[in-house]
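Written out below as structure tokens is the structure these notes cover.
A quick note: this is a predicted structure, and the numbers were derived from the prediction, not measured. The first residue in the sequence is number 1, and the count goes up from there.
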Amino acid sequence: MSAVEDLDRHFREAVAGLRSAATATGRPGGVLAPRTALDLFDAQLESRHTDAAARWMQQQGRGYYTIGSSGHEGNAALALALRPTDPALLHYRSGAFYCARARQAGGVDAVKDMLLGVAAGAEEPIAGGRHKVYGRHELAVIPQTSTIASHLPRAVGVAWSIARAKRLGTECAWPGDAVVCCSFGDASVNHSTAAGAINSACNAAYQGLPMPVLFVCEDNGLGISVPTPHDWVRQAYGNRPSLAYFAADGCDPSAAFETAREAVAHVRKNRQPAFLHLSMVRFLGHAGSDAEAAYRTPSEVTADLERDPLLATARLLTASGMLTPQQALDRYDEVSGRVFAVAKEALESQPLTTAEQIAAPIAPRRPESVAAEARRTAEPRTAPVGEAVTVAQAINHTLAELLGSHPEMVVFGEDVGRKGGVYGLTRGLQRRFGTARVFDTLLDEQAILGLALGAGLSGLLPVPEIQYLAYLHNAADQLRGEAATLQFFSQGQYRNPLVVRIAGYGYQRGFGGHFHNDNALGALRDIPGLVIASPSRPDDAAAMLRTCVAAAKVDGTVSAFLEPIALYHTRDLHEEQDNAWLAPYPPPAEHVPIGRARTYGTGTDLTLVTFGNGLPLSLRAARRLERQGIACRVLDLRWLAPLPVDDLLREARATGRVLVVDETRRTGGVSEGVVTALVDAGFTGAIRRVTSVDSFIPLGRAAQLVLVSEADVERAAGELL
């Protein structure tokens, strides 16, 4: 493995052996202007020495991140080919890009930013010591973590939003002619997230939609230790419909800059996607702990040293007469001294010291402001206030009401447009509000959520639909690794307000099976900051949807709005034609605060705690138990995250006995959290839970054998009492 000392020695010896051109022109040649060439060199030097400093800091016990950019310094040329207002979602080897952009914009010490991140210093300006990321709001660099290619769908969403915001007449976070830059490694092009994102960009461009995104593959030939097959990237992406392909040697500063300029100009002018393939080398292994000698030969490492991009830039500058070899070395040493001085200061930086500090940006809550926003509606109010409606009708009316109130709001997903959704919940919305605001997408949940993440980041208010809960699992990382982390890793400087409508749960009749009757919520319940709304009744569905949209707008909240399919068109509760599951459509000012439950009945013998389909099931069971002399009250949680703990404790203590009726699974289901909340709060009464079986849901009548039933509730209540 090449060590920091090897790189330093090789650079010094090679530069010392250079000669200035006898007929120096004072220009580096090609399209690189003298000032640009020097800025490029300085950015590369800052990045290289920052890598060395990070490893030195680790040896001092205050360095926590050693994935470096050494060998990838050619991406500084990419930064200089872009504008500092072009949004950038960067690969984790983008140190030189970050340094070059800081030089473009001015007023930012890129080295200090990066080394404070390495030291996990609380004063680091983007993540505040929570992670080492490349990000700065004033540099339009959007922070990304190390999750391979998960940022690509968001990049597509950002690019789509630029023209869409203009079309809707709403303010966008980016200039109207901006180019979205998204960089990643050669191993990442094989990830489904990358393949899906690039495909969705090409699909949009094929349809004539503006899609100004530049995909940049920094190809060093290795995915940690696994070689990328020769010429695979070009073969895979060099001939795609609606995707212009550009390639250059990223270790050659002039070629990298010239090709990057061509690619950027193509995207900026044509508003079409492009793929920029830059060949790189990787020095110092994948990270500090990577034993590169286990999978690379000494001759391979030595061959890479000859392609050092810093050496290539030094050759260019000395050949043009802009610098003598000694001046290049002096510049190298001057930057090294400055970087290590900053590193010593970073060693003294203070880390975050409390859990409250760390978690503060995850989910800011301003309930009073959310309430005020939820009460604000457009005129004229056309929703049928007071009319008895089903859950499906309530959601449809509320979406129309909210689209009228928020001109930046967009509703999208597969089949939501002309068809109006699988269950008709978006019927008529496209006709009323237009195809720019209500539209169909590709059949790709990663692309749907990525579009939403980019839209929210850019100034729109996205309300996407996922057809079935089981389909969400194809794209859970877009919520977990991207949506929920953005405010955390940017201290709220960036946010992606989002309300994801998800049709879910079991109990469908005549249609179903696992993919259409999924009851698994474990993948959602442990995502920090994610709000999980689970309405059962029509009036709650309307009021809670208003709250979620208001919280997205006010606090940047990310919400999963779970809709029980089996209750969409339900009208009756206890007997046919009793219409007891209909409810009056609530006035527009009515909303339900996040984390507040709803109680039915005043019984003092038993508290049934439930949600979703469990609510009508529990209400029916409670009536039968009442005939046996058992007086129940039923608590509908409504919010599964955050749980309404205060309401839960109040209703539990009112009877001293709690039966949790949970339609999700026994392991990883909601009831685990409910019981834990009661125990943590010191509840000393009796607790029992009745749940669905730890099983996937089969097709047909067999589904009833694994889902919790009214008989299960009555039996458990009898045992508890």
Side-chain angles (χ1 to χ4, degrees), residues 165 168 170-171 173 361-383 385 391 394-412 425-426 429 433 437-438 452-453 455-465 479 483-484 486-487 492 494-502 529-535 537-563 585-598 637-644 647:
L168 297 181
T170 63
E171 186 176 351
I362 292 177
R365 297 277 186 261
R366 291 178 288 172
E368 296 83 5
S369 299
V370 170
E373 179 62 35
R375 296 187 189 105
R376 187 181 69 82
T377 57
E379 296 289 349
R381 296 173 180 173
T382 57
V385 175
V391 170
I395 293 172
N396 178 267
H397 293 323
T398 308
L399 287 171
E401 173 191 299
L402 293 167
L403 283 162
S405 301
H406 306 290
E408 75 277 24
M409 178 173 155
V410 286
V411 173
F412 53 90
L425 272 75
T426 56
L429 297 181
F433 295 99
R437 300 189 64 198
V438 182
L453 295 179
L457 178 64
S458 301
L460 299 178
L461 188 56
V463 183
E465 176 182 292
L479 291 181
L486 185 61
Q487 294 203 89
Y494 286 111
R495 56 183 221 169
N496 37 224
L498 173 62
V499 181
V500 188
R501 292 182 43 249
I502 308 167
L530 179 70
V531 169
I532 305 177
S534 182
R537 291 190 53 87
D539 46 354
D540 282 344
M544 292 169 69
L545 184 54
R546 291 170 185 158
T547 302
C548 289
V549 169
K553 189 163 185 175
V554 170
D555 290 328
T557 300
V558 178
S559 298
F561 192 82
L562 298 174
E563 302 169 2
Y585 185 77
E590 205 169 291
H591 82 292
V592 177
I594 292 173
R596 293 308 304 271
R598 180 174 180 176
L637 293 168
R638 297 197 293 195
W639 304 93
L640 306 184
L643 281 171
D647 294 337

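Atom CG in Leu461 sits 5.0 Å away from atom CD in Glu408 (nearest 0.5 Å).
Taking 4.5 Å as the limit, every side-chain heavy atom of Cys548 sits out of range of all side-chain heavy atoms of Thr557. When side chains are defined from C-beta on, Pro462 counts as touching Phe412, because their heavy atoms get closer than 4.5 Å.
Nearest heavy-atom pair, Leu425 versus Asn396, reported as atom, atom and distance to 0.1 Å: O-ND2, 2.9 Å. Nearest heavy-atom pair, Ser534 versus Met544, reported as atom, atom and distance to 0.1 Å: N-CE, 3.7 Å.
In this structure, Arg546 contributes its side chain and Thr398 its backbone to no donor-acceptor pair below 3.5 Å. For Arg501 (side chain) and Phe561 (main-chain N/O), no donor-acceptor pair under 3.5 Å exists by modelled atom type. Panel note: side chain Thr547, backbone Val592; a donor-acceptor pair is recorded below 3.5 Å.
Scored by the side-chain hydrogen bond (donor to acceptor under 3.5 Å, both in side chains) test, Arg598 finds Asp539, Asp540, Tyr600 as partners (sequence neighbours excluded). For Asn496, the side-chain hydrogen bond (donor to acceptor under 3.5 Å, both in side chains) partners are Arg154, not counting sequence neighbours. Contacts of Gln487 classified as side-chain hydrogen bond (donor to acceptor under 3.5 Å, both in side chains), with partners at least two apart in sequence or in another chain: none.
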### Task
Test His406 against Arg437 for side-chain hydrogen bond (donor to acceptor under 3.5 Å, both in side chains), laying out the working first.
CA-CA 11 Å; His406 306 290; Arg437 300 189 64 198; over 6 Å; no
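A salt bridge between Asp647 and Arg596 is present, with a side-chain N of the basic residue lying under 4.0 Å from a carboxylate O of the acidic one.
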